[in-house]
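First up is the structure itself, then whatever we jot down about it.
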2 protein chains.
Amino acid sequence: MNEPIEEAANYSASRYRTPDGAPADIVIFTITSTERNTAKKSLPVRQLEVLLIQRKGWPYQGHWALPGGFSKETETLLDSALRELHEETGVADVHIEYFGVYSKPGRDPRGWMISHAFFALVHEHALANRRAADDAADVRLFPVQEALAMNLAFDHREILEDALQQIRIKMLTTTIAKSFLPEEFTIGELYQVIEAVVPDFEEKNFIRKITSTQSRKGIIEEVRDRKGELKQSNRHSQRAAQLYRFTDYVPQLSIYS
Amino acid sequence: MNEPIEEAANYSASRYRTPDGAPADIVIFTITSTERNTAKKSLPVRQLEVLLIQRKGWPYQGHWALPGGFSKETETLLDSALRELHEETGVADVHIEYFGVYSKPGRDPRGWMISHAFFALVHEHALANRRAADDAADVRLFPVQEALAMNLAFDHREILEDALQQIRIKMLTTTIAKSFLPEEFTIGELYQVIEAVVPDFEEKNFIRKITSTQSRKGIIEEVRDRKGELKQSNRHSQRAAQLYRFTDYVPQLSIYS
DNA sequence: TAAATAGTGTCTCTAAGACAGTATGTT
DNA sequence: AACATACTGTCTTAGAGACACTATTTA
């Protein structure tokens, strides 16, 4: 920026073909809870779902697609994604993360579109008051397995697969589980959330490991009330369960130690 | 793609401002070895270095920058990055990975440029026959600490910082160390490579852990010659050291197990 | 024979993993 | 009292962490 301005005159940017747009597409995940019909209190069934919109116009009219929109010159791609997320769901202040670019020639019949993919992790209740935006005929949550079997618009199936792979890895290596949980949660709830995202997750002594292993016990901490008493919840069982919250600590993983 | 073609006529893509280009920038890392001047054979000093080019024209003329180039409509961004990497270094078939997008308004005085950042990990000897490309006045390797202290073009310092953070995490959680090592290497060499990328890496019983810990010993394996004898090397010491190679196994890390 | 790297012995403490057993409080 | 979840006891084996010690070869 410290070059003489007149040099710019010698630069011709438009000698080459330029992209026709830079959309941001968002894979919005949530975990829904459904109560089971049992004799006593029991754990709900938790399922990972993804928000899709039904396209109103050309191309792929009537097909289900990931919500998204074109980025503007005056904003970053993250800004575009946040704007789109807010338009589509009314939520702000959630976990959102960039995870990939899709640039295969011919992927969009409208022209040369380089698409930027984000994933967002949202509480179920935050999606209560969603509505179809201008460019959508309908908005719905689909279980991920169902969405993967659908004939989605563009290369959105590939994007969804990649997003899913990403959050499976991150669920196990970071504390993103907290995006799906209330501030204070039980070990059983945490276990269920991990299971909903990573189907083959299985830890026999989960409660042991996470609460009494030196190297990991810093991840979560017991919740106490003002009197310093341990705070418990019996929302899922007769026997009350200890409540925990995440700390700010994130362990550094390594294959060499 | 199963919509009637004539619908496309109703779509006007150019109602909005479109990007002026989608460059791919590459952070090319290598580890250089310098022999120490000691009485006996000794381990070389290994240093992480990054390849920079000196810009020939406007903007940022004379400044050092990451190599990069504009993507074309007929290729993916990975193709652009590979093309650029090959032009700049003559190498193909190396570890290259996408890691981020840079879209802050005003980041490039030439216009609305959304830049895509890759990192590549290259053997030192592969950079022997590099030369300045058309758009560069000079090409050189810089130690990363030195590069970070320079006044790089555009937002390339930020990109370099992000790339460095990425490879530090990946050095410890994946087997990218093999990109910097020969096919067969000693434990001492592996340790040095990790140290060069992650300065505060320290494992007292490294050889123990990596060779005799059940959960990790699958990462590398001892090399044997045709007769089945253990193969050793004395390139860095009087006492020969066992040679190892990476297997295809990559451990799955988790904070919950 | 000393330099420089490579590797082993040994000890203590903590964690992993399995799994049976106990705890709690409603319907 | 049976259900459904939430833990705890106990045992065995494996790994971490520290650090002094031995091994190998040749300038």
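Every value quoted in this text rests on a predicted model; they were computed, and no experiment measured them. Chain naming here is simple, since letters A, B, ... match the order of the sequence lines and numbering starts at 1 in each. Values below: all heavy atoms of this structure, side chains included; hydrogens, waters and symmetry mates excluded.
The nearest pair of heavy atoms linking B:Phe185 to B:Arg245 is CE2-CA, 3.8 Å.
Residue contacts shown for A:Ile187 are absent, as no nucleic acid heavy atom lies under 4.0 Å away. B:Arg235 comes within 4.0 angstrom of no nucleic acid atom, judged by non-hydrogen atoms across all strands. The residue B:Lys204 sits close only to the backbone: its heavy atoms come under 4.0 Å of sugar-phosphate atoms, none of a base.
Spacing between atom CZ of B:Arg208 and atom C1' of D:dC21 amounts to 12 Å, rounded to whole angstrom units. Separating the NZ atom of B:Lys41 from the P atom of D:dA23 is a distance of 21 Å, rounded to the nearest angstrom. Atoms CG (B:Asn234) and P (C:dT5) sit 13 Å apart, rounded to a whole Å. Counting to the nearest Å, the P atom of D:dT8 and the CD1 atom of A:Ile210 are 15 Å from each other. If you take CD of A:Glu222 and P of D:dC7, they are 10 Å apart, rounded to a whole angstrom. For the pair A:Tyr244 OH and D:dA6 P, the interatomic distance rounds to 11 Å; values are reported in whole Å. Between A:Phe206 atom CZ and D:dT8 atom P there is a gap of 15 Å when expressed in whole angstrom units. With rounding to whole Å, B:Glu203 atom CD is found 7 Å from D:dG17 atom P.
Counting only heavy atoms from C-beta on, B:Ile207 has its side chain closest to C:dT8 among C:dT5, C:dT8, C:dA4. Of the candidates C:dG7, C:dA3, C:dT5, the closest approach to any side-chain atom of B:Lys40 belongs to C:dA3. Across C:dG25, D:dA6, D:dT24, the shortest atom-to-atom separation from the side chain of B:Gln238 is found for D:dT24. For B:Arg239, whose side chain is taken as the heavy atoms from C-beta onward, the closest listed nucleotide among D:dA23, D:dA18, D:dA27 is D:dA23.
Aromatic ring centroids of A:Tyr191 and A:Phe201 lie under 6.0 Å apart.
OP1 or OP2 of D:dT5 lies within a sub-4.0 Å distance of a side-chain N or O belonging to A:Arg36. Remark: A:Lys209 is in phosphate contact with C:dG17, judged by side-chain N or O atoms under 4.0 Å from OP1 or OP2.
Mapping A:Asn205 and A:Ser237 onto DNA chain D via the closest heavy atom, the residue that lands nearer the 5' end is A:Ser237.
Using cut-offs of 30° and 60° on the angle between ring planes, the pair B:Phe119 and B:Phe99 is tilted.
For the pairing with B:Glu184, the salt bridge (charged side-chain N to carboxylate O under 4.0 Å, His left out) check across B:Lys178, B:Lys231, B:Arg235 returns one residue only, B:Lys231. The one candidate from A:Lys41, A:Glu35, A:Glu189 that meets the side-chain hydrogen bond (donor to acceptor under 3.5 Å, both in side chains) condition with A:His236 is A:Glu189.
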